[in-house]
**Student:** 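Sending over a structure as structure tokens; questions will come in a sec.
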Amino acid sequence: MIQSKDIPIVKLDNINVDFYKGKGLLSKPRTFNALHKVDFSINQGEIVVVVGESGSGKTTMSNVIAGLVKPTDGTYEFNGHKSNSLTKEQALEYRNSIQIIQQDSYAALNPMRTMIKSLGDPMLIKKLADKINLSEKVREVLTTVELTPPDHYINKYPHQLSGGQRQRILIARALAMNPQLILADEPVSMIDVSLRVAILNLLARLNEDRGIAILYITHDLATARYVGKNGRIAVMYLGSIVETGNVIEVLADPKHPYLQALLSAVPIPDPRLSRSRNRQLITEEDLPSVSGMPTGCRYHTRCLYCKEICKTKQPIARQFGSSMVACHLAEELPKFELYESKAGNE
Ligand SMILES: Nc1ncnc2c1ncn2[C@@H]1O[C@H](COP(=O)(O)OP(=O)(O)OP(=O)(O)O)[C@@H](O)[C@H]1O
Ligand SMILES: [Mg+2]
């Protein structure tokens, strides 16, 4: 496959997703805007990490990319073709070349099927293997995800495997489809901390060795930095992308007040450092209620620096240094310091 880091596999343009929230006895039906004017792309062979707190729209965006949620407005492109002009073959190619790795490996695998069935049947259906070479192909993907020797796993049921091994099976199932892009939505949040790094390393290796693009979704800034060290980050808040750029640069010098607040909330095990931490970066703890989405900048109700314009006008993402930042005040904010300046003098 010819690859270029500048060719988007998927490009979302001004995407809105509204969910219908239903109707109670006394309430009117209403919609909830889960994605708001999202522009986003993933290039061939790229790693992109998406972070944001619960409910910020990370899974919804991934589902739009996977074709599982239809946007209410906006367009998306696959390999340069607009979604509404894809031929049948291109739509099929789209579906096959974007694979998802779910968070809950137990729920994602059929408990009644052995691994050769779970991995082999999709290969047969998509004609990526035939009855003669199937067992060999399944052994091959098991070996790639480091489940060796493969014969030990091939006839096992999901309950006979550990959480880490099941997660590797999900990666194998995605790989068997020869994907261009893997969407990994919190792939390690349900497994033992000691096993997480190995799974994340496996994803990074698939990216480096095979050029498969990875979208890694997480709450955890530490794994975001680890997985995405050669890639990009997109920070989401209440359905909007508020900052994007190179992972290392964005996390070293965050511009958006929300990302600054997220970074200042990460626990630090050293009590001396922790005491000197600048914590006063958010005005209230809770997300606004979904029934009353803030006007203007959606973050303004929690932002320490909020000004009048932030309450009325939605900021458009613009280039600031090497990042894209959606904040009216990006240029005038003080430089982010994770620790108070006296920390160095203690
Ligand atoms: N099918 C749906 N119907 C109605 N509302 C939905 C639906 N899917 C998601 N939402 C709402 O859209 C918002 C974004 O949800 P989403 O699952 O994308 O968030 P998330 O960032 O992935 O959160 P988490 O970190 O908890 O997984 C939430 O408020 C959620 O309740
Ligand atoms: Mg989610």
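Side chains included, hydrogens not; waters and symmetry mates left out as well; all remaining heavy atoms used. Here the structure is a predicted model, which is why all the values come from computation and not from measurement. Start at 1 and go down the list; that is how both ligands and their atoms are numbered.
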**Student:** Run the salt-bridge test on Glu146 and Arg168 with the 4.0 Å N-O cut-off and return the result as yes or no.
**Tutor:**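 Answer for the salt bridge query: yes.
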
**Student:** Below 2.8 Å, which protein N, O or S atoms neighbour the Mg ion (ligand 2), ignoring water?
**Tutor:**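 Less than 2.8 Å away from the Mg ion (ligand 2) sit Thr59 OG1.
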
**Student:** Below 4.0 angstrom from a heavy atom of Thr60, which ligand 1 atoms are there? Numbered from 1 as shown, please.
**Tutor:**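 In order of number, 14 (C), 15 (O), 16 (P), 18 (O).
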
**Student:** With a 4.0 Å cut-off on heavy atoms, is Ser56 touching ligand 1?
**Tutor:** yes

**Student:** Looking at Asp39 and Lys37, does any basic side-chain N land under 4.0 Å from a carboxylate oxygen?
**Tutor:** no

**Student:** Can you confirm whether or not the ring centre of Tyr258 sits under 6.0 Å from the ring centre of Tyr299?
**Tutor:**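 Between Tyr299 and Tyr258, which both carry aromatic rings, the centre distance is below 6.0 Å.
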
**Student:** Would you call Arg302 and Glu53 a salt bridge, taking side-chain N to carboxylate O under 4.0 Å as the test?
**Tutor:**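 Glu53 and Arg302: salt-bridged.
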
**Student:** I need the contact type for Tyr20 against ligand 1. Using non-hydrogen atoms and a strict under-4.0 Å cut-off, is it side chain, backbone, both or neither?
**Tutor:**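 Contact part for Tyr20 vs ligand 1: neither.
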
**Student:** Give a yes or no on whether a salt bridge exists between Lys307 and Glu332, defined as a side-chain N under 4.0 angstrom from a carboxylate O.
**Tutor:**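 Salt bridge flag = yes for Glu332 with Lys307.
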
**Student:** For Ala34, take its heavy atoms, then give the atoms of ligand 1 lying under 4.0 Å from any of them.
**Tutor:** 12 (O)

**Student:** So which bit of Met61 gets within less than 4.0 Å of ligand 1, heavy atoms only: side chain, backbone, both or neither?
**Tutor:** neither

**Student:** So does Asp121 pair up with Arg113, basic N to acidic O under 4.0 Å?
**Tutor:** yes

